[in-house]
Amino acid sequence: MNWVVILKMVPDTVEELMVAEDGRSLDTQWLRMIVSEPDEHALEEAILLKERCGGTVTAITLEAPEVDEILYTALARGADRAVKISGEWTGLRSTATAQIFSTYIKDWLGQNLSETLVLTGSQAIDDLEGEMAPYLAHHLGTPYVGVVSGVRLEEGKVIIMKEFAGGLRGEFELSLPAVLGIQSAEKPPRYVPVAKVRSIMKSVKIDTVESSLPEIPASLSVEKMYKPEIAGRAEMLAGTPEEIAKRIVEILAERGLI
Amino acid sequence: MQGGILVLTEHLKGEITEITYEMLGIGRKMADFLKVPLYPVVLGRNVSHLTSHLGIADRIFLVENPALDMPSPNVVASILKNVVKEKQISLVTIGGTNLSMGIGPKLSAFTAFPFINFCKNITFADTSILFTSQLFGGKILTDTRLPNNRGIISILPGSFPANAGKVEGSASVERLEIPLGEPEVIFRKFIEPEAGDVDITRQGILVAVGRGIQNQENISLAEELAGILRGAVCASRPVVDQGWLPLTRQVGKSGMTVKPKLYLALGISGAPEHQEGMRNSQLIIAVNTDPKAPIFDIAHYGAAMDIFEVIPALIEEARKRKGAG
């Protein structure tokens, strides 16, 4: 089995995001990039599946600053192979990204796609054009399900749990090959010590492959990007923790909540 | 020429979901602005009864087929592709929900219509419509226009009033016969949320913890506070993903929607997916170290402070008050 994981970098929203001078994109100068959180879960789910069913885990990313570290960490966690697709990638959206990944996967696996399950995050915080996974499934010609929080193999079929709302979930059956959008892994993504990542860096190499920008027929053009105006802002309480606690309890008392 | 507006009627277990009415309300406005018809499309197995709630429509398209039991995004998108083509549709709206996720991109791939995700606001100017999307967990907005007002829009739940779309009575219904291919994803069964734990949707007071709670041990602090306030502890997604609290305590998109008398948000930044499940709480008080956290945009009261300073003080103050009362 090929467990293929696609990892994507997104801005860390813990840091303040600034709009660039063109007024239509993010100022990349101060951006701190991290792996999209659902993608971390996709990697964990793939490693859990490998531990249960065998096979190999391949983690793939597009070239980006500090992405090597992400790939070495994926290897340290249990991935068998790490692939970096190099090229000029700035401001790519889901449609273009999906084409680059599908081209690579088809070139790489060719006829062996039948034993392949692609796992990636269900969605990302910058998916203006929508999630990447269904576009990818479209290009690969495979079935797709998103918002997945449980995967198992049963007699050559993939059985998945999809989340709806209110804790309700549904069980679905797909055949291989398939693309899954993972919402959360069965266990939280595992931690690996830095020492293990360092030793992997010495023993395993990242495969770098070249690719070029695909032609996109219907790409969106953003007219304006800006920060939201703060509306209906909370009345902010100030003071020492004790003063704030006192004020909160007063507010509750006024409303008969305590 | 501008064609009609198609609204994908979302339904679960025989009932139309709220997002559908949100889309119909704003869909009506778009249709009137562009002077085109509004067409909800209902597709599923035994769904004809749903058309009686869609009185706002100019006409309803109905696709009924025993095979359409919880159809995959691919199946739904291939039906919509047919409707778009046959009925000269220019705009399609789809719910930004877990249920409908994946249909938009797939339809975009089928039709080459551009797709706009996370749409939170729609405004009208001259001859075109401006779509405002919320990106990066609500920290950034983008304005996008569609060439010739042609495209697919995914609407963020809770962005538009549902009441505007709720008109009883049926418009004329047109049954469409669309051949279905072999389904590549098979629905097996629903899995209901586990019972037995506290039902957070019935609690008057909720102490909610987010990523800021840092580890499982600290949950007991929130439990202690909830105990004094006679409420229960709930959480945002990251806490449940870590396994620190069960799924039954999760508030937000995949979890529960709650409307308690008090929602005390501790260490929760307030991502859109979380807000979806709690924004209608009667009183929201938020404590978070980041003064710019989006939770403060919907909270009534806020404090930009470390929760580990505020929680012990709150426990003490609440105890004092209880003792005095």
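Order of the sequence lines fixes the chain letters, A, B, ..., with proteins taken first and strands second; residue numbering starts at 1 for each chain. Below, each value reflects all heavy atoms present in this structure, side chains not excepted, and no hydrogens, waters or symmetry copies.
When every heavy atom of A:Glu37 is checked against every heavy atom of B:Arg211, the shortest pair comes out as OE1-NH2, 2.9 Å. The shortest non-hydrogen separation linking B:Asn117 to A:Asp127 is ND2-O, 2.9 Å. Of all heavy-atom pairs spanning B:Met101 and A:Ser122, the tightest one is SD-OG, 3.5 Å. Among all heavy-atom pairs drawn from B:Phe115 and A:Gly130, the shortest one is CE2-CA, 3.3 Å. Scanning both residues, A:Pro143 and B:Val185, for their nearest heavy atoms gives CB-CG2, 4.0 Å. The shortest non-hydrogen separation linking A:Ser221 to B:Thr144 is O-CG2, 3.5 Å.
In this structure, the portion of B:Leu247 lying under 4.5 Å from any heavy atom of chain A is its side chain and not its backbone. Interface residue A:Lys162: only side-chain heavy atoms are found under 4.5 Å from chain B. Within the 4.5 angstrom heavy-atom criterion, only side-chain atoms of A:Leu26, from C-beta onward, approach chain B. At a 4.5 Å heavy-atom cutoff, the contact between B:Ile285 and chain A is made by side-chain atoms alone. Looking at A:Arg24, neither its backbone nor its side chain comes within 4.5 Å of chain B, counting heavy atoms on both sides. Proximity to chain A is limited to the side chain of B:Thr132, based on heavy atoms less than 4.5 angstrom apart. Contacts between B:Gln250 and chain A at a heavy-atom distance below 4.5 Å are absent for every atom of the residue. Residue B:Ile228 does not touch chain A at all, counting heavy-atom pairs closer than 4.5 Å. Proximity to chain A (any heavy atom under 4.5 Å) is restricted, for B:Leu12, to the side chain, taken from C-beta onward. With a threshold of 4.5 angstrom between heavy atoms, B:Pro73 approaches chain A through side-chain atoms but not through N, CA, C or O. Residue B:Ala77 does not touch chain A at all, counting heavy-atom pairs closer than 4.5 Å. Using a 4.5 Å cut-off between heavy atoms, B:Ser254 touches chain A through backbone and side chain atoms alike. Both the backbone and the side chain of B:Phe190 come within less than 4.5 Å of a heavy atom of chain A. Residue A:His41 touches chain B through its side chain alone, counting heavy-atom pairs closer than 4.5 Å. Residue contact with chain B, scored on non-hydrogen atoms closer than 4.5 Å, involves the side chain of A:Met161 exclusively. Interface remark: A:Ala238 contributes no atoms to any contact with chain B (heavy atom separation under 4.5 Å). Heavy atoms closer than 4.5 Å to chain B are found in both the backbone and the side chain of A:Val222. Of the two parts of B:Arg230, neither the backbone nor the side chain holds a non-hydrogen atom closer than 4.5 Å to a non-hydrogen atom of chain A. Only the side chain of B:Met305 comes within contact range of chain A, with at least one heavy atom under 4.5 Å from a heavy atom of that chain. With a 4.5 Å cut-off on non-hydrogen atoms, B:Ile311 does not touch chain A at all. For A:Val158, no part lies near chain B; criterion is any non-hydrogen pair under 4.5 Å.
Among A:Lys157, A:Lys227, A:Arg255, A:Arg247, the residue with the largest count of heavy-atom pairs under 4.5 Å with chain B is A:Arg255. Most heavy-atom pairs under 4.5 Å with chain B: of the set A:Ala253, A:Gly181, A:Pro188, this distinction falls to A:Pro188. Of all the listed residues (B:Cys119, B:Ala286, B:Ala313), the one sharing the greatest number of non-hydrogen pairs under 4.5 Å with chain A is B:Ala313. In terms of heavy-atom pairs under 4.5 angstrom with chain A, the leader among B:Ile191, B:Asp290, B:Thr142 is B:Ile191. Interface check for chain B: of the options A:Leu257, A:Val19, A:Ile244, A:Thr142, the most heavy-atom pairs under 4.5 Å are formed by A:Leu257. Contact count versus chain A (heavy atoms, under 4.5 Å) is highest, among B:Lys253, B:Glu192, B:Arg145, B:Glu316, for B:Arg145. Between chain B and the residues A:Gln123, A:Arg169, A:Glu16, A:His139, the most heavy-atom pairs under 4.5 angstrom are made by A:Arg169. For the set B:Pro193, B:Gly96, B:Pro183, the entry with the most heavy-atom pairs within less than 4.5 Å of chain A is B:Pro193. Options A:Pro134, A:Ala98, A:Gly166, A:Ala137 differ in how many heavy-atom pairs under 4.5 Å they form with chain B, and the most are formed by A:Gly166. Between chain A and the residues B:Leu264, B:Val310, B:Ile186, the most heavy-atom pairs under 4.5 angstrom are made by B:Ile186. For chain B, the option among A:Ser175, A:Pro11, A:Gly146 with the highest count of heavy-atom pairs below 4.5 Å is A:Pro11.
Within a 6.0 Å sphere centred on NZ of B:Lys292, other residues, nucleotides and ligands contribute 12 heavy atoms or fewer. Atom CD of A:Glu254 has more than 12 neighbouring heavy atoms from other residues, nucleotides or ligands inside a 6.0 Å radius.
Between A:Glu250 and B:Arg321 the shortest side-chain heavy-atom distance falls below 4.5 Å. Considering only heavy atoms from C-beta on, A:Asp126 comes within 4.5 Å of B:Phe136 through its side chain. Side chains of A:Met225 and B:Leu141 form no contact here, defined as non-hydrogen atoms less than 4.5 Å apart. When side chains are defined from C-beta on, B:Lys13 counts as touching A:Leu168, because their heavy atoms get closer than 4.5 Å. Here the side chains of B:Phe110 and A:His138 are in contact, with some heavy-atom distance below 4.5 Å. A heavy-atom distance below 4.5 Å is found between the side chains of B:Leu283 and A:Leu252.
Salt-bridge annotation for A:Glu163 and B:Arg237: present, with a side-chain N of the basic residue lying under 4.0 Å from a carboxylate O of the acidic one.
Taken from CD in A:Glu223 to CZ in B:Phe131, the straight-line distance is 11.5 Å, to the nearest 0.5 Å. Within the model, atoms CE of A:Met236 and OH of B:Tyr301 stand 13.0 Å from one another, a figure rounded to the nearest 0.5 Å. Expressed to the nearest 0.5 Å, how far CG of B:Asp241 lies from CD of A:Glu186 amounts to 12.0 Å. Once rounded to the nearest 0.5 Å, the distance linking NE2 of B:His300 with CD of A:Glu235 reads 11.5 Å. With values rounded to the nearest 0.5 angstrom, A:Lys246 atom NZ is found 6.0 Å from B:Glu317 atom CD. Taken to the nearest 0.5 Å, the CE atom of B:Met70 stands 3.5 Å off from the CZ atom of A:Phe164.
Distance alone, capped at 3.5 Å, is enough to place a donor-acceptor pair between the A:Glu131 side chain and the B:Gly102 backbone.
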